[in-house]
Amino acid sequence: MQSARRHFLWGLAAVALSGCGFKLREGGDFAFRKLFVNFPQDPLGVELRRHLLGTGKLELIEDPKRMREADATLDILSQNRQRVIVGVNASGQVREVQLRLSVGFRLRDAQGVEWLEPVTLQMERDLSYAESAALSKEIEEGLTYRSMQSDIVGQIMRRLAAVRRRG
């Protein structure tokens with residue numbers, strides 16, 4: 001009895017979601033099939049590679065000798081993390097910090113024509129700080145940077161999907 005009820009509820013939910021136009025987010029449709037990636041094996045580069053490969057629509061070329069085979073080149077031009085103190089108490093102890101992450105990138109075709117001119121994406125997040133909880137705040141800071149990085153990778157992916165061939 002419980003199983004039949006569960007199946008009925010799942011079926012009802014599926015009908016309701018399909019009727020409202022709900023569908024899972026898809027990887028974009030790109031103006032290129034082979035992409036030369038020119039960025040390091042740092043956490044941002046690893047996550048961006050994973051997202052690009054996860055679309056199932058792109059072949060990533062990382063060997064500079066094969067660069068000419070690529071339809072486009074994605075360059076990560078800059079990457080900067082900052083931790084800025086924005087609040088202190090009366091005795092000078094830090095109470096609030098601001099984490100900043102900026103990533104600069106561009107996309108160009110095989111002839112060097114820029115499809116996306118150099119763009120810098122920036123994110124900021126405020127965190128409270130307590131010296132008595134320094135270790136946990138350090139962990140929270142790392143998780144916040146990772147979250148900001150994921151948001152920036154998502155923005156890069158959406159911008160790459162929005163590019164259309166010129167001409």
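None of these values were measured; they are calculated from a predicted model.
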Q) In terms of heavy-atom contacts, does CZ of Arg50 have more than 12 from other residues, nucleotides or ligands at under 6.0 Å? A) yes

Q. Is there a donor-acceptor contact under 3.5 Å from the side chain of Asp71 to the main chain of Lys34?
A. yes

Q. Counting only N and O atoms by type, is there a donor-acceptor contact under 3.5 Å from the side chain of Arg164 to the main-chain atoms of Ala161?
A.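 At least one qualifying donor-acceptor pair exists.
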
Find the distance between [atom1] ([X]) and [atom2] ([Y]) and round it off to the nearest 0.5 Å.
| X | Y | atom1 | atom2 | answer |
| --- | --- | --- | --- | --- |
| Arg33 | Glu59 | CZ | CD | 11.5 Å |
| Asp109 | Glu114 | CG | CD | 10.0 Å |
| Leu127 | Leu99 | CG | CG | 4.5 Å |
| Ser147 | Met123 | OG | CE | 7.5 Å |
| Thr144 | Ile139 | OG1 | CD1 | 11.5 Å |

By side-chain contact (heavy atoms from CB on, under 4.5 Å), which residues pair with [X], not counting sequence neighbours?
| X | answer |
| --- | --- |
| Asp75 | Asn38, Thr73, Leu77, Arg106, Arg108 |
| Ser102 | Asn80, Thr120, Gln122 |
| Ala162 | none |
| Ser136 | Ala133 |

**Q.** Pair Val97-Asp126, side-chain contact (heavy atoms from CB on, under 4.5 Å): steps then yes or no
**A.** CA-CA 6 Å; Val97 295; Asp126 293 328; over 6 Å; no

Q.
I'd like to know whether Leu35 forms a side-chain contact (heavy atoms from CB on, under 4.5 Å) with Ile61, so could you lay out the CA-CA distance, the side-chain angles of the two residues, the decisive distance to 0.1 Å, and finally the verdict.
A. CA-CA 6 Å; Leu35 181 66; Ile61 299 172; over 6 Å; no

(Q) Please list all pairs meeting salt bridge (Lys or Arg N to Asp or Glu O under 4.0 Å) that have one or both residues in residues 142-151, counting only residues at least two apart or in different chains. (A)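 Listed once each, the pairs are Arg125-Asp151.
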
**Q.** Residue pairs, two or more places apart or on separate chains, that pass salt bridge (Lys or Arg N to Asp or Glu O under 4.0 Å) and touch residues 89-103
**A.**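 Checked against salt bridge (Lys or Arg N to Asp or Glu O under 4.0 Å) - neighbours excluded - the pairs reaching residues 89-103 are Arg100-Glu124.
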
Is [X] linked to [Y] within one hydrophobic cluster, defined over Ile, Leu, Val, Met, Phe, Trp and Tyr using a side-chain heavy-atom separation of less than 4.5 Å?
| X | Y | result |
| --- | --- | --- |
| Leu116 | Met67 | no |
| Val46 | Leu52 | no |
| Phe30 | Leu107 | yes |

Q. Any cation-pi pair here, Arg81 with Tyr145, using under 6.0 Å and within 45°?
A.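 Because its charged atom sits under 6.0 Å from the ring centre and within 45° of the axis, Arg81 does stack over Tyr145.
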
Could you work out, with salt bridge (Lys or Arg N to Asp or Glu O under 4.0 Å) as the rule, every residue matching [X], not counting sequence neighbours?
| X | result |
| --- | --- |
| Glu140 | Lys137 |
| Glu62 | Arg49 |
| Arg83 | Glu141 |

Quick one: are [X] and [Y] in side-chain contact, heavy atoms under 4.5 Å?
| X | Y | value |
| --- | --- | --- |
| Ile76 | Leu48 | yes |
| Val103 | Gln149 | no |
| Val119 | Arg159 | yes |
| Ile156 | Ile152 | yes |
| Phe32 | Trp115 | yes |

Q: Kindly indicate, with the supporting measurements, whether the criterion side-chain contact (heavy atoms from CB on, under 4.5 Å) is fulfilled by Phe105 and Leu121.
A: CA-CA 8 Å; Phe105 70 98; Leu121 300 176; 3.7 Å; yes

(Q) Which residues pass the side chain to side chain donor-acceptor pair (under 3.5 Å) test with Asp63, not counting sequence neighbours? (A)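 With sequence neighbours excluded, Asp63 shows a side chain to side chain donor-acceptor pair (under 3.5 Å) to no residue whatsoever.
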
Q | Residues in side chain to side chain donor-acceptor pair (under 3.5 Å) contact with Ser91, at least two apart in sequence or another chain | A | Asn89

**Q.** Under 4.5 Å side-chain linkage, directly or through intermediates, the cluster mates of Val84
**A.** Val86

Q | Exercise: identify the closest heavy-atom pair between Ala70 and Ala110 | A |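 For Ala70 versus Ala110, the nearest heavy atoms are O-CB, 3.5 Å.
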
Q: Report the C-alpha separation of Gln93 and Val88 in whole Å, then their side-chain angles, then the decisive distance to 0.1 Å, and conclude whether the side-chain contact (heavy atoms from CB on, under 4.5 Å) test is met.
A: CA-CA 5 Å; Gln93 293 178 323; Val88 293; over 6 Å; no

